[in-house]
Amino acid sequence: RPSLQRNMMMRHEIAKVTREYYYENGFVEIETPMMIKPTPEGARDYIVPSRIHHGSFYALPQSPQIYKQLLMLSGFDRYIQLARCFRDEDLRADRQPEFTQIDLEMSFVTEDDIMEMNEGYVARLFKEILDVEIPLPLPRLTFQDAMERYGSDKPDTRFGMEIQNISDLVANCGFSVFTGAIENGGSVRAIVAKGGAAKLTRKEIDKLTEHARGIGAKGLAYVRWVDEAPNCSFAKFMAEGELDAILARIGCEKGDVALIVADKDKVTLPVLGALRLLVGKQLDMIPAGYNFLWITEFPFFEWDEETQTWLAMHHPFTMPLDECLEYIDTDPGKVRAKAYDLVLNGVEISSGSIRITDVELQQRMFRRLGLTPEEIDRKFGFLVDAYRYGAPPHAGAAPGVDRIIMLLTGEESIREVITFPMNKNAQDLMMDAPTTVSQKQLDDVHILINEAHL
């Protein structure tokens, strides 16, 4: 297809610009192994059985994370690699089982240093590829602010419709849905679609309500203001003046639609964030262009309901903020990290962090994640041992090549910018992969197939 040929040529140009930019800034390109030791990095590993070492397996790298840290410890100052990465996770429009990222690491740097280096790269890339000027420095937003305002840690800030908290206005109202959410430690929040009343009919609002329920909300309250008086789904529960106060607070006027969700913040914020994007597209509110921003100060830990344990949101080598160190053992939910994501038009295109360089702190973080001393030694002993000899302060980032090309070309899926992509079921239909292998191949690596699971 002509579009595929264009996208592949753009991949070639991006590789050229990438190497030129980072070479000019003193980076050394180093290849790292593709068959490594399995280590926990957030997704499932693709594993490769060993013929020589019976019952043992290699893993394909989710990223060169540990290798690039070892390179910093061994004396390299600046590392770059166009790295192939592999993650066994559920697919979506911006995910593939294997993908390419620009992996980089720098020693003796701060967050500002590595952000500025990455900003220079995207500015150079967009100027040379699209002849588009990207104003620098790029704006920054903390994770907490991003969630409070946009309901997402990768917000599309090309348009408004920000989330607003109205909990204080409805804490004592007669609507039990609102008061119950607040009494249970939640909140009541709203978004306003300016001028949306004409397109967002009652039927469309019913569809939005079903969508909200499908992603975790118990329901969706609304105000649709078409005539002189607003049509409000909860008006009969409001005392005189209460609805007027809500409308004034959120700036809802005649011709607008307000959508309101009441629940725990972990529900209200992402649900309204998703509705914001959906309504923004329906009302054609999202302008063309490229809107970058950094998201900073991510939570270090996130609670996993399935395992009832704390997990590392980025990876266990991320440095916590200094003022959060006291909470590691007592209140993990309060610990924020020196981590940063670069977001473009609502898509995360790069993620990185300052690394832990103190061996005792690294051991402490491992223990907080539930690893025993034996597990730490088995999984990360080689890294911990290297740290004992002294480690320079270092940090890294990993811009995703496929996602960048997707956004540059205006495609909706990274499958359109990968030469031989897999479908949503992780299948290569042309090559018929994955497929079965011969019994001899299985015997060579001492693997027995359980027919009951086929």
### Message
Would Val109 and His394 count as a side-chain contact (heavy atoms from CB on, under 4.5 Å) here? Give the steps.
### Response
CA-CA 6 Å; Val109 290; His394 57 284; 5.7 Å; no

### Query
Taking it one step at a time, do Asp329 and Arg364 satisfy salt bridge (charged side-chain N to carboxylate O under 4.0 Å, His left out)?
CA-CA 9 Å; Asp329 299 311; Arg364 188 178 169 195; 3.1 Å; yes

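- Salt bridge annotation for Glu128-Lys16: absent, with no cationic side-chain nitrogen under 4.0 angstrom from a carboxylate oxygen.
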### Task
Mind running side-chain contact (heavy atoms from CB on, under 4.5 Å) on Val384 and Val359 for me, showing each step along the way?
CA-CA 6 Å; Val384 173; Val359 66; 3.7 Å; yes

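- Ionic pairing of Glu89 and Arg95 is present here: one or more N-O contacts between side-chain nitrogen and carboxylate oxygen are shorter than 4.0 angstrom.
- Side-chain polar atoms of Arg355 and His315 form a donor-acceptor pair below 3.5 angstrom.
- Using modelled atom types, one finds no donor on one side chain facing an acceptor on the other under 3.5 Å when comparing Ser107 with Asp77.
- In summary, the side chains of Gln81 and Thr32 do present a donor paired with an acceptor at a separation below 3.5 Å, with no hydrogens or angles considered.
- To the nearest 0.5 Å, the span separating CG on Asp402 from CD1 on Ile349 amounts to 12.5 Å.
- By the 4.5 Å heavy-atom criterion applied to side chains, Val279 and Leu200 are counted as neighbours.
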### Met161/Lys194 under side-chain contact (heavy atoms from CB on, under 4.5 Å): CA gap, chis, key distance, verdict
CA-CA 8 Å; Met161 210 192 305; Lys194 303 299 292 182; over 6 Å; no

### Query
After noting the C-alpha distance and the side-chain angles of Lys127 and Glu133, does the key distance pass the side-chain contact (heavy atoms from CB on, under 4.5 Å) rule?
CA-CA 6 Å; Lys127 179 61 179 176; Glu133 297 282 352; 3.1 Å; yes

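- Applying the side chain to side chain contact (heavy atoms under 4.5 Å, CB included) test between Gln101 and each of Pro399, Cys85, Ser350 identifies Cys85 as the sole match.
- Atom CG of Leu220 is separated from atom CG of Leu275 by 6.0 Å, given to the nearest 0.5 angstrom.
- A salt bridge does not link Lys154 with Asp341: none of the charged nitrogens is closer than 4.0 Å to a carboxylate oxygen.
- To the nearest 0.5 Å, atoms OH (Tyr121) and CG (Leu342) are separated by 11.0 Å.
- Taking a 6.0 Å sphere around CZ of Phe76, one finds it holds 12 or fewer heavy atoms contributed by other residues, nucleotides or ligands.
- A salt bridge between Glu105 and Arg78 is absent, with no side-chain N of the basic residue lying under 4.0 Å from a carboxylate O of the acidic one.
- To the nearest 0.5 Å, atoms CG (Leu259) and CG (Leu272) are separated by 7.5 Å.
- Arg92 has no carboxylate O lying under 4.0 Å from a charged side-chain N of Asp90, or vice versa, which leaves the two without a salt bridge.
- Using modelled atom types, one finds no donor on one side chain facing an acceptor on the other under 3.5 Å when comparing Thr209 with Asp206.
- Of the inter-residue distances, the one linking Tyr22 atom OH with Arg124 atom CZ reads 11.0 Å to the nearest 0.5 angstrom.
- Here Asp168 pairs with Arg249 under the salt bridge (Lys or Arg N to Asp or Glu O under 4.0 Å) rule; sequence neighbours left out.
- Note that Lys68 lies outside the cation-pi zone of Tyr79, set by a 6.0 Å cut-off to the ring centre and a 45° limit from the axis.
- Look at Glu411 and Arg6 and you find a salt bridge, because one of the NZ, NE, NH1 or NH2 atoms lies within 4.0 Å of a carboxylate O, short of that distance.
- Minimum interatomic distance between Ile163 and Glu148 (heavy atoms only, all atoms of both residues): CB-O, 3.5 Å.
- Checked by atom type, the side-chain pair Asp45/Gln62 shows a donor-acceptor distance below 3.5 Å.
- Considering CD1 of Ile66 and CG of Leu73, their distance stands at 12.0 Å, rounded to 0.5 Å.
- For Met431, the CE atom is loosely surrounded, since the number of other residues' heavy atoms within 6.0 Å does not exceed 12.
- A salt bridge does not link Glu210 to Lys207: none of the charged nitrogens lies less than 4.0 Å from a carboxylate oxygen.
- Neither side chain, Gln363 nor Tyr387, offers a donor N or O lying under 3.5 Å from an acceptor on the other.
- A 4.5 Å side-chain heavy-atom check between Lys218 and Asp263 finds at least one atom pair inside the cut-off.
- Side chains of Asp112 and Thr110: no donor on one and acceptor on the other come within 3.5 Å.
- Between Glu111 and Tyr340, the side chains place no donor N or O within less than 3.5 Å of an acceptor N or O (distance only, hydrogens not considered).
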Would you mind writing out the side-chain donor-acceptor pairs for residues 291-302 within the sub-3.5 Å range, not counting sequence neighbours?
unit_1: Asn291; atom_1: OD1; unit_2: Thr157; atom_2: OG1; d: 2.4
unit_1: Trp294; atom_1: NE1; unit_2: Glu119; atom_2: OE2; d: 2.8
unit_1: Glu297; atom_1: OE1; unit_2: Arg336; atom_2: NH1; d: 2.5

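- Under the 4.0 Å criterion applied to side-chain N and carboxylate O atoms, Arg276 and Glu162 are not assigned as salt-bridge partners.
- Between Asp265 and Ser187, the side chains place a donor N or O and an acceptor N or O closer than 3.5 Å (distance only, hydrogens not considered).
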### Derivation of the ring-ring contact (aromatic ring centres under 6.0 Å, His included) call for Phe380 and Phe366
CA-CA 10 Å; Phe380 303 108; Phe366 285 150; 4.6 Å; yes

